[in-house]
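What follows is a short report on a single structure.
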Amino acid sequence: MSKDRSVILDYIKSAKPRSTGHKILSQDEFLGGNVAQIEYSDNSQTLTQWVIVTKQHKGYADSESQLIQQLESASNKDRERVDWINQVFNISGLIALILVCASVYLTINTPNGNIPEHLKASVLTIVGFYFGGLVKGKKNQASA
């Protein structure tokens, strides 16, 4: 827990270099990191801010509405990491991988590298649909 405290305090000290007298008022776990309310002095004024530190995101907020935005941003960054894993390791990805490996195996072990045309066409069609779906999904996410 003391390591978590030092990470939070190090972040706020780097974000607000003139600040002094840092004190953590509250702290909760969030997405493998922490959300903490910090009190500190800056130019002889006592200020209170929220600090969010996760593996994917670091930020601070002055108000509760900014805190909500920071939490949403951290959640989106964490979700992007999980979505990539789900896109690669799903049923259609596994089928495409098996077909590509089978066609490579047949190319290497078949005399003269001759693979039947119907097998080539089916492999290329399935792999094309798989990668086309990935590209279409990325375009839909970018437009949303």
Side-chain angles (χ1 to χ4, degrees), residues 1-109 113 115-144:
M1 193 69 141
S2 63
K3 182 181 178 188
D4 296 336
R5 296 176 77 83
S6 67
V7 170
I8 292 168
L9 292 175
D10 289 344
Y11 173 73
I12 198 69
K13 287 176 184 177
S14 68
K16 305 285 185 176
R18 295 180 305 182
S19 62
T20 59
H22 303 90
K23 181 180 174 184
I24 295 179
L25 302 177
S26 66
Q27 180 176 344
D28 292 307
E29 291 185 18
F30 179 70
L31 296 175
N34 289 291
V35 176
Q37 190 174 26
I38 306 282
E39 183 179 86
Y40 61 91
S41 297
D42 191 2
N43 287 339
S44 69
Q45 286 184 322
T46 301
L47 301 171
T48 303
Q49 285 189 323
W50 293 94
V51 177
I52 299 95
V53 177
T54 66
K55 291 179 183 177
Q56 304 288 327
H57 179 80
K58 291 182 180 180
Y60 63 90
D62 296 320
S63 65
E64 290 179 357
S65 62
Q66 289 178 351
L67 174 64
I68 292 169
Q69 291 172 345
Q70 289 289 333
L71 293 173
E72 185 177 345
S73 177
S75 296
N76 288 340
K77 287 180 182 177
D78 189 61
R79 192 176 310 121
E80 288 172 3
R81 181 180 53 88
V82 174
D83 284 347
W84 181 84
I85 293 170
N86 289 337
Q87 286 178 351
V88 172
F89 297 106
N90 59 19
I91 296 297
S92 59
L94 186 62
I95 291 171
L97 182 65
I98 290 171
L99 288 175
V100 167
C101 290
S103 62
V104 167
Y105 176 79
L106 287 175
T107 302
I108 293 171
N109 292 326
I115 299 175
E117 286 300 318
H118 66 279
L119 183 60
K120 283 183 192 177
S122 64
V123 167
L124 292 175
T125 301
I126 291 170
V127 170
F129 272 107
Y130 173 70
F131 286 111
L134 287 179
V135 170
K136 184 178 179 182
K138 288 288 184 186
K139 285 183 181 177
N140 288 342
Q141 285 179 351
S143 65

| query | Do you know the tightest heavy-atom contact between G59 and Q70? | reply | CA-OE1, 3.5 Å
| field | Heavy-atom closest pair, residues A61 and L67 | value | CB-N, 3.3 Å
Any chance you could measure [X], atom [atom1], to [Y], atom [atom2], to the nearest 0.5 Å?
X    : Y   : atom1 : atom2 : value
S75  : I52 : OG    : CD1   : 10.0 Å
L71  : F30 : CG    : CZ    : 4.5 Å
H57  : E72 : NE2   : CD    : 11.0 Å
S122 : L99 : OG    : CG    : 6.5 Å

| query | Between T125 and A121, is there a donor-acceptor pair closer than 3.5 Å when you use the side chain of the first and the backbone of the second? | reply | yes
| message | The test is side-chain contact (heavy atoms from CB on, under 4.5 Å); show your working for N34 and D28 and say whether it passes. | response | CA-CA 6 Å; N34 289 291; D28 292 307; over 6 Å; no
Validation: residues 12-25 side-chain donor-acceptor distances under 3.5 Å, sequence neighbours left out:
residue : atom : partner : partner atom : Å
S14     : OG   : D10     : O            : 3.4
S14     : OG   : Y11     : O            : 2.8
S19     : OG   : K16     : O            : 2.6
S19     : OG   : H22     : NE2          : 2.7

Would you list the atom pairs, donor with acceptor, under 3.5 Å between side chains in residues 44-51 and any protein atom, with sequence neighbours excluded?
residue : atom : partner : partner atom : Å
Q49     : OE1  : Y40     : OH           : 2.9
Q49     : NE2  : D62     : OD1          : 2.2

| task | Would you indicate whether the side-chain heavy atoms of S103 and K120 approach each other to under 4.5 Å? | result | no
| Side chain to side chain, Q37 and Q27, heavy atoms closer than 4.5 Å | no
